[in-house]
Amino acid sequence: MKTENEIRVRFAPSPTGYIHVGNARTALFNWLFARQKGGVFVLRVEDTDIERSREEYERNLIQDLRWLGLDWDEGPDVGGKFGPYRQSERLDLYHRYAAKLLEEGKAYYCFCTPEELESQRQAALAEGRMPVYSGRCRNISLDEARRRLSAGEEGAIRLKVPEEGLIQFEDLVRGPVEFDLKLIGDPIIVRSNGMPAYNYAVVVDDALMNITHVIRGEDHVSNTPRQILLYQALGWKQPVFAHLSMVMGKDNTRLSKRHGATSVDQFRRDGILAEALCNYLSFLGWSPPEGNEVLRLEELVKLFDLSRVSRSAAIFDYEKLHWLNRQHIRLLPAEKKLELALPYLREAGLAGPELSPAQREWLEKAVTILVEGVDKFSELPQKFSLLFDFEPENLDQEARDIIQTDSARKVLGAFIQKTSGLKEFNYELFAALTGEIKKETGIKGKDLFHPLRVALTARASGLELDKFIPLVEAGAKLDFPQRIKSCLERIAEISSILRK
RNA sequence: GCCCCUGUCGUCUAGCCCGGCCUAGGACAUCGCCCUUUCAAGGCGGCAACACGGGUUCGAAUCCCGUCGGGGGCGCCA
């Protein structure tokens, strides 16, 4: 089924921590590109930095990407015909091609110590030059290098780069890009500890995995000429490159914890929908041609266009993410809303581990009503406190002011009196009673309803009472970990407080 | 310090390549109004930008140069 011009892209994170939204955007753009073009999306784990890579991070990474709704056709967990997909398992490949480059005189051993290199770099910086490797070990013959190696010296392998010339390439988002070779020193391709350097490993992997399009962050543009040089030295066809601008925080510095949530994991915990996150991430540097901006993954696949991607950095806007999240939540069916809300309600102690059918039904109704206007699911328990918490002795100033007016006292007095003998309460009854009070006292509108709201909710604002009362009445009959007080109980409490 | 990239409403952006259709469009945020017994949601409307300075041109957001701002890079990190 593999055709000659099959498009193959890859996302190649290093497992050194939780996946950042900037990386998630890169993954998403690769995925959208692949899916739109009917191509292949490869996940490759770049774990050659032994110091920082950890196995659990790889699991998190996979979990986060799957949660986002991105799937890959080849990868460490699903296999594929170009594997292995973990760089740590491809070491022999890197060594094989390094040996070839060495044999052909395109690479050489370098015995300069890190200290020497560092002082050269400092010297160059001090003189206002670009620090470029001096090429001191360039002319050490392979034979001599081998002797020194077997004598116990440590050496790294460097690629020989022409001293003059231009490296040019066409970047799918940045247009034509060129680099002066004078500013590029011979890069290390294999470290003295035997591990491949990033620039080298990527090239070997991308080439051997037949990657046709490399879509990655802007921080890699300056690596690109070195990598192109490597493709040339190895006689491989180079892929098409596309470099995405960075994602910044409000103050125009790289997005970090200071700015708020930054990891996919954290957004998930906060109750941001995967679809909303993807929708938002796709808008960082890109925008749909026209029309609706609330888009699901499949719609993004249709509309996405790399050539429309902006070259300048984008600032991450939590407000817009939240708006999109609200829109996506709204599109969810009620049972899905409940399913997503339940963990937050349980954690807040509002729902037990087991739900009776009646409880489930009630919660579904309550969630559907209360989730309106909520930025993310983690805010839901707060909203639920309107139903679960009733503390008339702790009224805030606003609520207190509302019930302290003369007309409010009149309204409440009448209301308490009319409800005193009641066994049952419901919204119809409430409507009838307020009608009577209106007729008897002449008080209407806000002056009539606002005190009653405070009496029933102990708050100055909240749900519409025609939604609130049925919900509270039904909820009071159910056995929740934290009991909901019925309207009549609430009225009794408030009347005893008013008497004081 | 040096090299490269980038600069349209507060934010994401459309328009820029192929100058006039731009009194610069959309979305988020904000403000106001409507709806509503409050809030929210929703509907309607308002405020708000071509970084600056020079050119080129009959005409520039669009082309050229410079300045300034922002970002990225300059590793035996990825």
Side-chain angles (χ1 to χ4, degrees), chain A residues 12-16 46-49 51-53 87 110 112-114 117-118 121 124-133 154-158 171 174-175 177-180 182-185 187-199 201-202 216-223 243 245-246 248 250-254 280 283-294 308 310-324 326 330 370 372-374 383 386 398-399 402 434 438 444-454 457 459-466:
Chain A
S14 35
T16 53
E46 310 215 323
D47 56 351
T48 52
D49 184 351
E51 320 273 284
R52 296 193 296 154
S53 298
Q87 288 191 329
C110 172
C112 297
T113 64
L117 296 170
E118 185 53 30
R121 188 173 305 123
L125 249 28
E127 286 171 43
R129 299 190 330 261
M130 282 270 285
V132 174
Y133 175 62
E154 290 211 325
I157 303 174
R158 284 183 189 270
D171 190 299
R174 318 184 75 76
V177 179
E178 59 173 53
F179 284 90
D180 189 340
K182 285 200 207 69
L183 302 172
I184 299 173
I188 300 250
I189 59 175
V190 178
R191 295 182 248 163
S192 51
N193 68 1
M195 290 303 264
Y198 167 76
N199 275 312
V202 209
R216 69 214 322 185
E218 187 191 359
D219 44 344
H220 289 289
V221 272
S222 60
N223 286 322
H243 290 96
S245 62
M246 304 276 89
M248 316 296 275
K250 197 120 202 109
D251 55 358
N252 244 308
T253 60
R254 262 171 120 136
Y280 180 68
F283 288 171
L284 257 20
W286 174 81
S287 61
E290 58 182 358
N292 187 15
E293 290 193 354
V294 183
R308 279 178 64 92
S310 161
R311 282 184 288 268
S312 52
I315 292 173
F316 196 94
D317 181 4
Y318 292 88
E319 301 267 16
K320 186 142 188 181
L321 202 217
H322 289 156
W323 177 77
L324 279 170
R326 292 203 298 269
R330 177 174 293 182
L370 290 169
E372 278 290 316
V374 153
K383 285 280 225 164
L386 175 70
E398 192 188 353
I402 291 166
T434 50
K438 182 173 157 189
K444 58 181 177 166
K446 195 169 172 173
D447 291 334
L448 171 61
F449 289 99
H450 222 163
L452 293 173
R453 159 180 298 286
V454 175
T457 69
R459 284 168 175 76
S461 67
L463 268 183
E464 293 95 327
L465 291 174
D466 61 343

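A note on names: the letters A, B, ... follow the listed sequences, proteins ahead of strands, and every chain is numbered from 1. Note that this is a predicted model, so its numbers are computed, not measured.
- Distance from the side chain of A:R158 is smallest to B:C76 among B:G10, B:U13, B:C76.
- In this structure, A:R174 places its CZ atom 8 Å from C1' of B:G72, rounding to the nearest Å.
- Spacing between atom CG of A:L117 and atom P of B:G75 amounts to 10 Å, rounded to whole angstrom units.
- Judged by distance alone with a 3.5 Å cut-off, no donor-acceptor contact links the side chain of A:R453 to the base of B:U37.
- Comparing the C1' positions of B:C44 and B:U6 gives a spacing of 38 Å, expressed to the nearest Å.
- In this structure, A:E464 reaches the bases: a heavy-atom distance under 4.0 Å links it to at least one base atom across the strands shown.
- The backbone N or O of A:S287 sits less than 3.5 Å from a side-chain atom of A:R308, completing a donor-acceptor pair.
- Among the atoms of the strands shown, base atoms are found under 4.0 Å from some heavy atom of A:N223.
- Residue A:S287 has its side chain nearest to B:U13 when only B:G75, B:U13, B:G71 are considered.
- Across all strands, A:L183 comes closer than 4.0 Å only to sugar-phosphate atoms, never to a base (heavy-atom distances).
- Side-chain atoms of A:H322 and A:Y280 include no donor-acceptor pair closer than 3.5 Å.
- At whole-Å resolution of the value, OH in A:Y133 and C1' in B:C3 are 22 Å apart.
- Here, B:C17 and B:U30 have their P atoms 36 Å apart, quoted to the whole Å.
- For A:S310, counting side-chain heavy atoms from C-beta on, the closest listed nucleotide (B:U11, B:U13, B:C2) is B:U13.
- Listed candidates were B:U37, B:G72, B:U6. Nearest to the side chain of A:M246 is B:G72.
- Nucleotides B:A24 and B:A51 place their P atoms 15 Å apart, quoted to the nearest Å.
- B:C16 and B:C21 have their P atoms separated by 12 Å, with the value rounded to a whole Å.
- One C1' atom belongs to B:C50, the other to B:U62, and the distance between them is 10 Å to the nearest Å.
- Backbone-only engagement by A:T48 is indicated by non-hydrogen atom pairs under 4.0 Å involving sugar-phosphate atoms exclusively.
- Of the candidate nucleotides B:A41, B:G72, B:A14, B:G72 has the atom lying nearest to any side-chain atom of A:E218.
- Look at CZ on A:R121: it is 4 Å from P on B:G75, rounded to the nearest Å.
- Listed nucleotides: B:G15, B:C28, B:G72. Nearest to the side chain of A:R308: B:G15.
- At whole-Å resolution of the value, CD in A:E293 and P in B:G26 are 12 Å apart.
- Across all strands shown, A:G175 has no heavy atoms under 4.0 Å from either base or sugar-phosphate atoms.
- Atom CG of A:D251 is separated from atom P of B:G70 by 12 Å (rounded to the nearest Å).
- With centres under 5.5 Å and a plane angle under 30°, the ring of A:F449 is stacked against the base of B:U37.
- Rounded to whole Å, atom C1' of B:C39 lies 14 Å from atom CZ of A:R326.
- Pair check for B:U30 finds B:G46; Watson-Crick or G-U wobble, both atom distances under 3.5 Å.
- Here the side chain of A:H220 is nearest to one of B:C76, B:A78, B:U13, namely B:A78.
- Closest to the side chain of A:S461, from the set B:A27, B:U38, B:U11, is B:U38.
- A:L284 comes within contact range of the sugar-phosphate backbone alone, with a heavy-atom separation under 4.0 Å but no base atom that close.
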Next on the checklist: Quick one, A:R326 with A:V374, criterion side chain to side chain contact (heavy atoms under 4.5 Å, CB included). Give me CA distance, side-chain angles, the key distance, then yes/no.
Outcome noted: CA-CA 7 Å; A:R326 292 203 298 269; A:V374 153; over 6 Å; no

Next on the checklist: One pair to check against salt bridge (charged side-chain N to carboxylate O under 4.0 Å, His left out): A:R174 and A:E218. What are the steps and the verdict?
Outcome noted: CA-CA 10 Å; A:R174 318 184 75 76; A:E218 187 191 359; 3.4 Å; yes

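- To the nearest whole angstrom, the two C1' atoms, one in B:C76 and one in B:A14, are 46 Å apart.
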Item to check | Chi angles and distances behind the side chain to side chain contact (heavy atoms under 4.5 Å, CB included) call for A:C112, A:Y133 | outcome: CA-CA 10 Å; A:C112 297; A:Y133 175 62; 3.3 Å; yes

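- Here the options are A:R216, A:R311, A:H220, the test is side-chain hydrogen bond (donor to acceptor under 3.5 Å, both in side chains), and the partner is A:H243; only A:R216 passes.
- A:C110 comes within 4.0 angstrom of no nucleic acid atom, judged by non-hydrogen atoms across all strands.
- Within the nucleic acid shown, A:M248 comes within 4.0 Å of sugar-phosphate atoms alone, with no base atom in reach, counting heavy atoms only.
- Taking atom P on both B:G7 and B:C64, the two are 12 Å apart, rounded to the nearest angstrom.
- Evaluation of atom-type donor-acceptor distances gives a pair under 3.5 Å for the side chain of A:S192 against the base of B:C76.
- Using P as the reference atom, B:C65 and B:C5 are 12 Å apart when rounded to the nearest Å.
- Backbone-only contact: A:S312 has heavy atoms under 4.0 Å from sugar-phosphate atoms and none from a base.
- Put simply, CD1 on A:I184 is 12 Å from P on B:C74, counting in whole angstrom units.
- Nearest to the side-chain atoms of A:R330 among the listed nucleotides B:A27, B:G42, B:A14 stands B:G42.
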